[in-house]
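Predicted model, so just to flag it, every value in this text is computed and none were measured. Per chain, numbering begins at 1; letters A, B, ... match sequence-line order.
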Amino acid sequence: MKLKLVLSVSLLTLSAAALPRMANAEVAPLDLVQPIADYKIYVSENLETLVTDTKAFTDAVKAGDVDKAKSLFGSTRMSYEAIEPIAELFSDLDGSIDSRADDHEKAEKDPEFTGFHRIEYGLFTENSTKDLGPFADKLMADVTELNKRITDLTLPPEKVVGGAAALMEEVAATKISGEEDRYSHTDLWDFKANFDGSRKIFDLVRPLVEKEDSAFVTKVSGNFDKVDTTLAKYKTADGYELYDKLTEDDRAVLAAAVNTLAEDLSTLRGKLGLN
Amino acid sequence: MTTNDNKLVTTRRNVLFGVGAAGSALATGLTTARAAEKQGGQVTDAPVSDKTQERQSFYGLHQAGIVTPRPAAGMIASFHVLAETPADVERLFRTLSSRIAFLMQGGTPPELDDKLPPADSGLLGPVVPPDNLTITVSLGSSFFDDRDWLAPHKPARLSRMKAFRNDALDADLCHGDLALQISSNTPDTNIHALRDVLKNLPDLMVLRWKQEGSVPVLPPKPDGAHESARNFLGFRDGSANPDANNAALMDKIVWVPETGTEPEWTRGGSYQAVRIIRNFVERWDRTPLGEQERIIGRKKATGAPHGGGNTEHDVPDYSKDPEGTVTPLDAHIRLANFRTKASEANLILRRPFNYSNGVSKSGQLEQGLLFICYQADLEKGFITVQRQLDGEPLEEYIKPIGGGFFFTPPGPQDESDFVGRTLLQAAGHDVVRKS
Ligand code: HEM
Ligand SMILES: [Cu+2]
């Protein structure tokens, strides 16, 4: 694969001299080539799904089918949320695809407020697709552009490995409150995708860490399992319950798991000798 | 012109260095200002304090931070606790205790590889100063209610705070399984401590709410006398507090009794009531002084009671004032303490801080009192006193919006011990004292 070649080249530039002392495990830079290549495939697959799902979603919006658009909202976002640390490398697109009303001075009324959450606002708060056409077109164009840019991108290993923690930091800082999908309350779909995306990264580098620190690996996967078990309670036939169904106790369980994962995964880069 | 200039200077000098106490005080002020100028301080130089090495002991029959003199900065942080099993609760108590022991003692956190996040936030520098820190651990009623194996060991008077008449409680500022009262000389030391605890216990504790507060600092008095700090209503707060240096009195007022219905493990502990009480300070500042003083029941400047006495340490004699002509019958201090033989059972030890949080939606200052008090019996103490206060004229200027009731377990005996050990043992959990 052409893709792999690009990656190996970039990794080889991590010469031994450029690598200071390993924090923990003695992981050779080359050991990371395969996990990163595998991750790139994971990203590509998610992007493909994102493009397809966004097409269906924006088509429904443009066709004025409020119910269908609503039903597609939660699932369409998942492939984006799973690879958010990579998508966020392009802050212009992340802003126009996934920003929230409070990222903008005039909130919902702000002309810069576009993307998923702008459409979510129209669908769930105004219960209408009126005036959403241009936002749908823009979202589709942005997602297509994102796919294109990421395909050409050499994934920086520290961004990939750091992404496992970054996803947890996102959840901890702004999602556990239910403020991400505030109009639709489909936050649990996002959670699931964020956790899966983080776990994917962890699982890919896991063999490299396991040798040196198996207790760490056990603890982290234990917390991922706890999250899965908790989220599974809220699974429905076609997705997840609305966020307001989450009990206060389960929210605390998730918050603690997220904080602990964020704390533990913050050492992952160091454990792999990455800066 | 020259003479004129000279004259002017002379006149100003005369004013500045004029005879009398005021004059010499000003002169001293000037000298200090000049000295600072000489040292060539820079704008962002850290302010200095000779109190950063002040240290309180974590060990003893009682936890620190209750009868400990209240320092300038305080905080209450309330948590949801995830530890369910005895083993996890023990890990929680032990970790908490070892973090508190380190933070109160001060010292150098371990140095880690620079590819890892550092062990300490570093906000107090590479060597953590004690700075008079105390961290007091308390347990809410839900901590017991939500754990079958602990429920039978709940302190007899511990309940979940219910709204009182004037309350407008915000659910996001109320209750909690566990509360930390963090106090020290500076807000930064408190924040450092909180961040350390959060970082070390992410899987067992989730922060629910916190409120920081402060009390105004005064210069030391030449005669070594003490005076109470003022709250945001401008009144001295704490004047009539019972004497915390009187151990026998504290045994009666603050520490749970050795006889009675309290479980044995609570010995040396106390009940903590926390209230976040907003003050409508703009309105208060637009209230005539005389009315303010009638509402509180004391003089604003001195803190003295009405009808005699010049200092805050004087006490009113209500037996000579049955009609309330001197101290109105509904004055805050009169309702808070009837000063009868019987009302001695309702005494409490107050340890509040002032808080200031920003601006309300209506453009008013969001500030008030982080009221904290300790007592041997929550019902006879805070709950009874607050019921007596219900309907008081002060209510027009205050609105309780949060808080909770907690039990503060006894302190750890020594380094091998930890806060909460007696509870675990009472619940039949084997605890090994590591030395
Ligand atoms: C924002 C709310 C409050 C303000 C501004 C306030 C202010 C004051 C002031 C200025 C005094 C007189 C000086 C002193 O002895 O400390 C006082 C006394 C006192 N307050 Fe409060 N207080 C507040 C809330 C409470 C609450 C909630 C309680 C308990 C339920 C309470 C209980 C007492 C007691 C027991 C005294 C001493 C009375 C005495 O023994 O003479 N206060 N308070
Ligand atoms: Cu997002």
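Heavy-atom distances place both the backbone and the side chain of A:Ala252 under 4.5 Å from chain B.
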Steps toward side-chain contact (heavy atoms from CB on, under 4.5 Å) verdict (B:Lys115, A:Arg269): CA-CA 7 Å; B:Lys115 284 208 185 61; A:Arg269 277 190 315 172; over 6 Å; no
Intermediate values then yes/no, side-chain contact (heavy atoms from CB on, under 4.5 Å), A:Asn259 and B:Asp203: CA-CA 7 Å; A:Asn259 291 343; B:Asp203 60 330; over 6 Å; no
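Of all the heavy atoms in B:Pro202 and A:Thr260, the pair that sits closest is C-OG1, 3.3 Å. For the residue pair B:Leu82 and A:Ala256, the shortest heavy atom distance occurs at CD1-CB, 3.1 Å. Heavy-atom minimum distance, A:Asp249 versus B:His80: OD1-CE1, 3.3 Å.
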For residues 399-406 of chain B, please give each side-chain donor-acceptor pair under 3.5 Å, one per line with the distance, not counting sequence neighbours.
from: B:Lys399; atom 1: NZ; to: B:Asn166; atom 2: O; distance (Å): 3.0
from: B:Lys399; atom 1: NZ; to: B:Asn166; atom 2: OD1; distance (Å): 3.0

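Applying the 6.0 Å contact sphere to CG of B:Asp430 captures no more than 12 heavy atoms from other residues, nucleotides or ligands.
Note that OG1 of A:Thr267 is 10.5 Å distant from CG of B:Leu112, once rounded to the nearest 0.5 Å.
The pair B:Arg208-A:Glu248 meets the salt-bridge criterion, with a side-chain N (NZ, NE, NH1 or NH2) lying under 4.0 Å from an Asp/Glu carboxylate O.
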